[in-house]
Amino acid sequence: MSTKRYRNESLSSGFNGEGAIAGASDGAFIRSYYGYENQAGALGSREPIEEQRRRLPAFGHRAQLLYAIETHPVVIVIGEPGSGKSTQLPQYLYEAGWAANGKAIGCTQPRRIAAAMLAQRVSQEMGVEIGTTVGYSVRFSDACSPETTRIKYLTDGTLIRECLADPLLSAYSVVMVDEAQDRTIATDMLLALLKKILCRRKGDLRVVISSASLDAERFKTYFDACYSADGPPGTGSVAILSISGRQFPVDSHYLTKPCENYLVASIEAVMKIHAREPAGDILVFLPGKDDIGQAVAETHEHARRENRLDTLMITSLSAGLSTDEQRRAFDPAPPGQRKVVYSTNVAETSVTIDGVVYVVDCGFVKQRVFDPASGLDHLVTRAISKSSAVQRAGRAGRTQPGKVYRLYTSEAFSSGLFARHDVPEICRLSLAPMAMTLKALGVDNLVRFDYFQSPPPELLSQALEHLASLGALEPQSTALTPGFGLYLAELPLDSMLGACLLNGVAKYKCAREAIAAVAMLAVGGDPFVMPNGQCSEAGADKRDFMVVEGDVLTLVNVLIAYQETPARVRSQWCDLHFLNSRMLDQADRISRQLGGLLAKMGYLRELCLSCGRDFTRLQRCLVSGLFANAARLEADGTSYRLVRGGSVMWVHPSSVLFQATPKPVFVVFVEAMQTTKLYMRSLTAIDPNWLTEAAPHYFSAE
DNA sequence: GAGCACTGC
């Protein structure tokens with residue numbers, strides 16, 4: 001490993017190392033969620049809150065920001081992490097009277113946890129109860145009151161939903177779109193909707209776009225175009241502001257020659273840091289859970305052989321872990337020990353781990369991509385972007401100067417192998433949900449819509465064809481069909497699952513089972529836990545719920561049994577049957593939310609209908625939404641072939657049909673996964689006649 | 001006989 005001192009320019013530029021103090025920051029704030037607010041965080045500090053607020057970099061820009069927003073309908077704020085932009089800007093606007101007219105200042109976040117935590121933090125800073133002046137609104141949790149809430153944190157998805165009821169967002173005087181560099185589909189949609197709304201509201205709405213990256217010009221160009229048409233010519237519509245962050249310098253170290261195996265290299269790097277570097281925790285970025293598990297085991301083994309096990313605290317972090325399991329990664333190492341956290345991308349933006357001084361970056365990430373030709377999702381491991389590398393490195397400099405060890409050469413990093421930015425979601429995911437929402441908002445022509453970034457035409461046409469095949473679009477006008485299409489757009493579900501649900505309720509009269517099925521599938525994952533040493537007992541319990549019709553019916557059995565268990569003993573019941581109670585609780589909440597939405601759509605009477613033991617009704621209901629994912633057994637008796645498109649597919653080993661012999665001749669699946677083979681997950685055995693019944697047009701050529 | 005990155009309404 002090269003020890004040449006190399007300071008990454010994009011990291012050191014604009015970073016304010018000198019004079020930086022540990023105090024209130026976005027990071028300290030997120031950390032407080034895990035209960036560590038007393039460690040150098042703002043909340044436990046003796047310093048009065050007002051004093052802490054004044055020390056934030058954002059405070060020095062207060063007047064400048066307020067002037068900019070007074071004189072410009074759109075302000076773009078480039079803020080480094082730790083600048084205080086997310087917590088302070090809305091407060092400055094509130095203090096300056098932007099909410100005095102009874103309207104609210106909205107601040108959107110891509111993630112629920114960030115919205116809730118920011119609201120928590122800001123309500124404390126302002127000394128008010130959460131849900132009064134300061135509130136938040138995310139799925140399943142609404143701490144807002146329309147009468148009193150003036151600063152409102154919400155996810156961008158929630159604000160888009162609010163657009164459906166209030167297309168001009170008339171309840172807001174200012175909308176701040178935070179973390180715009182993430183470029184989620186929801187953020188992209190919101191930018192486009194806000195541009196339209198700005199033109200209609202004639203100057204009484206302000207938009208603040210807050211982004212960590214430096215491509216402010218792109219945001220400016222997009223919103224400037226809005227004003228060249230019907231506003232005064234020339235400049236004056238969009239202002240750009242830059243707020244430096246609170247970040248210590250991070251020295252970058254590259255490999256002198258490429259490594260063959262990033263897993264081996266990362267463990268070596270950890271052991272070297274541990275042997276040679278002064279105190280400070282190590283954060284290692286790996287692409288997936290399996291890598292992390294292996295790394296934990298091998299690091300353990302290395303440390304044991306070197307007789308240094310008592311000097312290392314080895315932890316892992318990924319989104320799938322329970323809160324208790326995650327907590328260990330945030331626990332401080334005991335005295336005399338150094339903590340190592342092997343993490344997926346969650347640690348890149350979503351959470352901040354205190355005390356990290358060294359970052360090891362393998363240079364890879366797992367990303368979902370959608371193939372419009374087959375209509376299938378794939379999970380691929382690919383090289384990270386340069387901005388992602390900078391973000392990962394920055395994690396080493398939150399509390400003191402740090403070091404990043406990059407497991408690739410500096411030549412490779414400068415080459416085209418690492419893209420400048422990540423491919424935004426609108427260019428790599430299925431656009432069916434976006435297309436439905438835009439249609440529901442009255443956007444007729446999705447091809448000529450003024451996107452922040454235009455999606456690839458093949459993704460857009462695939463989405464429209466897909467929605468048409470489900471019966472959500474009128475054949476000629478491509479408007480949403482009055483009942484089905486509009487309802488589908490209102491459901492917080494993937495379009496295929498939404499179609500299963502609506503047909504299950506209205507057509508197949510099995511609302512109870514249909515709701516249970518889509519709720520379980522929406523949560524995702526495997527409800528059956530296999531504890532070490534108790535695999536045979538756990539396997540026996542799994543068999544109690546298993547049915548030959550496949551995974552989805554098995555999931556329905558599990559959730560209905562859970563729901564029939566009295567609430568106070570559900571958790572013990574789950575332990576007894578080796579089930580993941582967190583997952584079932586989440587599925588139960590989703591099923592209740594869906595029930596409420598269906599009742600509002602006028603299906604109150606149908607809601608209690610059940611198909612009982614008549615499973616075929618539920619199977620036909622599933623086919624009505626999943627027919628595009630139909631596969632037929634090949635002559636070999638194990639592999640399948642997609643009915644439309646012809647890809648060869650395999651039953652995923654997690655499926656209850658994996659061991660079944662003989663296998664069903666026809667199946668529908670919920671998702672495809674490409675790893676060593678193209679696997680089908682969440683299967684249901686079907687009768688091929690149901691395919692033509694559900695979608696005669698779709699299978700007419702067969 | 002393999003293994004789910006991460007969000008969100």
Side-chain angles (χ1 to χ4, degrees), chain A residues 108-116 137-142 154-165 179 182-190 285-294 317-321 343-351 362 364-369 377-382 384 388 422 424-425 428-430 433-434 436-437 440-441 488-495 497-498 518 521-526 530 580 583 586 589-590 593-594 596-597 638-639 650-655 657-660 670-682:
Chain A
T108 71
Q109 298 290 320
R111 284 165 286 278
R112 304 173 65 212
I113 177 163
S137 179
V138 299
R139 188 181 190 184
F140 300 125
S141 188
D142 189 8
L154 63 178
T155 49
D156 33 25
T158 310
L159 191 59
I160 289 171
R161 293 279 142 171
E162 289 188 7
C163 282
L164 284 170
E179 310 289 353
D182 273 21
R183 296 292 310 280
T184 62
I185 288 183
T187 299
D188 270 32
M189 281 174 69
L190 201 52
F285 286 102
L286 290 173
K289 269 187 195 171
D290 47 344
D291 287 322
I292 289 172
Q294 231 176 308
L317 185 66
S318 59
L321 298 178
S343 173
T344 61
N345 235 17
V346 275
E348 189 180 304
T349 50
S350 304
V351 295
C362 77
F364 289 98
V365 67
K366 271 190 190 173
Q367 238 180 20
R368 210 172 77 189
V369 289
D377 267 328
H378 301 265
L379 204 59
V380 293
T381 303
R382 52 164 63 158
I384 60 171
S388 190
D422 287 296
E425 284 184 357
R428 65 180 160 90
L429 298 184
S430 162
M434 180 195 80
M436 266 195 303
T437 310
L441 286 165
L488 199 62
E490 282 176 35
L491 288 172
L493 288 172
D494 166 82
S495 51
L497 296 183
V518 300
L521 293 169
V523 174
D526 190 350
M530 291 288 167
N580 179 341
M583 185 189 156
Q586 177 73 355
R589 287 165 73 183
I590 292 179
Q593 186 199 29
L594 294 175
L597 287 168
T638 36
S639 66
W650 303 79
V651 179
H652 193 274
S654 66
S655 169
L657 295 179
F658 181 66
Q659 288 178 324
V670 179
E671 51 179 359
M673 225 180 61
Q674 171 83 60
T675 52
T676 50
K677 289 174 183 170
L678 185 55
Y679 286 105
M680 305 178 281
R681 303 191 82 239
S682 304

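Computation of the quantities below employed the complete heavy-atom set of this structure, encompassing side-chain atoms and omitting hydrogens, waters and symmetry-equivalent molecules. Numbered from 1 within each chain, the chains take letters A, B, ... in sequence-line order.
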Practice task
Go through B:dG8, B:dA5, B:dC4 for me and flag the one nearest to the A:Thr155 side chain.
Solution key: B:dG8

Fill in the blank from the handout: When rounded to whole Å, the CD to C1' distance for the pair A:Gln659 and B:dG1 reads 9 Å

Practice task
Look at the side chain of A:Arg139 and the base of B:dC9, then say whether one donor and one acceptor between them are separated by less than 3.5 Å.
Solution key: no

Problem - Closest to the A:Met673 side chain, choosing from B:dC9, B:dT7, B:dC4 - result: B:dC4

Practice task
May I ask you to evaluate whether A:His652 reaches the phosphate of B:dG1, defined as a side-chain N or O under 4.0 Å from OP1 or OP2?
Solution key: no

Fill in the blank from the handout: Rounded to the nearest 0.5 angstrom, the CG-CZ distance for A:Leu154 and A:Arg139 is 15.5 Å

Fill in the blank from the handout: Rounded to whole Å, the NZ-P distance (A:Lys289 to B:dA5) equals 6 Å

Practice task
Find the distance A:Lys677:NZ to B:dC4:P and express it as a whole number of Å.
Solution key: 14 Å

Problem - Test side chain to side chain contact (heavy atoms under 4.5 Å, CB included) applied to A:Val518 and A:Leu491, A:Asp494, A:Leu497, the passing residue - result: A:Leu497

Handout entry: Residue A:Tyr679, side-chain atoms from C-beta onward, closest of B:dA5, B:dA2, B:dC4
Key = B:dA2

Handout entry: Of the listed nucleotides B:dT7, B:dC9, B:dA5, the one nearest the side chain of A:Thr344
Key = B:dA5

Practice task
Report the residue (A:Leu491 or A:Leu317) whose heavy-atom-nearest nucleotide on DNA chain B is the more 5′ of the two.
Solution key: A:Leu317

Practice task
Report the distance from atom CZ of A:Arg681 to atom C1' of B:dA5, rounded to the nearest whole Å.
Solution key: 13 Å

Exercise for the section: Starting at atom CG of A:Leu379, determine the distance to atom C1' of B:dC6, rounded to an integer number of angstrom. Expected result: 10 Å

Completion exercise
Heavy-atom nearest nucleotide on DNA chain B taken for A:Leu493 and for A:Val346; more 5' hit belongs to A:Val346

Handout entry: Residue A:Thr158, side-chain heavy atoms: nucleotide from B:dA2, B:dG8, B:dC9 that is nearest
Key = B:dC9

Handout entry: Minimum-distance nucleotide (side-chain atoms of A:Arg112 versus B:dG8, B:dA5, B:dC6)
Key = B:dG8

Exercise for the section: Send over the distance from A:Leu429 CG to B:dT7 C1', rounded to a whole Å. Expected result: 10 Å

Handout entry: Side-chain donor/acceptor of A:Arg681 to backbone N/O of A:Val670, under 3.5 Å
Key = no

Problem - Straight-line distance of A:Lys289 NZ to A:Leu317 CG, nearest 0.5 Å - result: 11.0 Å

Handout entry: Distance in angstrom units between A:Arg589 CZ and B:dG8 C1', rounded
Key = 14 Å

Handout entry: Which nucleotide in B:dG1, B:dC6, B:dA2 has an atom nearest any side-chain atom of A:Phe658
Key = B:dG1

Handout entry: Value rounded to 0.5 Å, distance of CG in A:Asp291 from NZ in A:Lys366
Key = 6.5 Å

Practice task
Tell me what A:Glu162 touches on the nucleic acid: a base, only sugar-phosphate, or nothing, going by heavy atoms under 4.0 Å.
Solution key: nothing

Fill in the blank from the handout: Rounded to whole Å, the CG-P distance (A:Asp377 to B:dC6) equals 15 Å

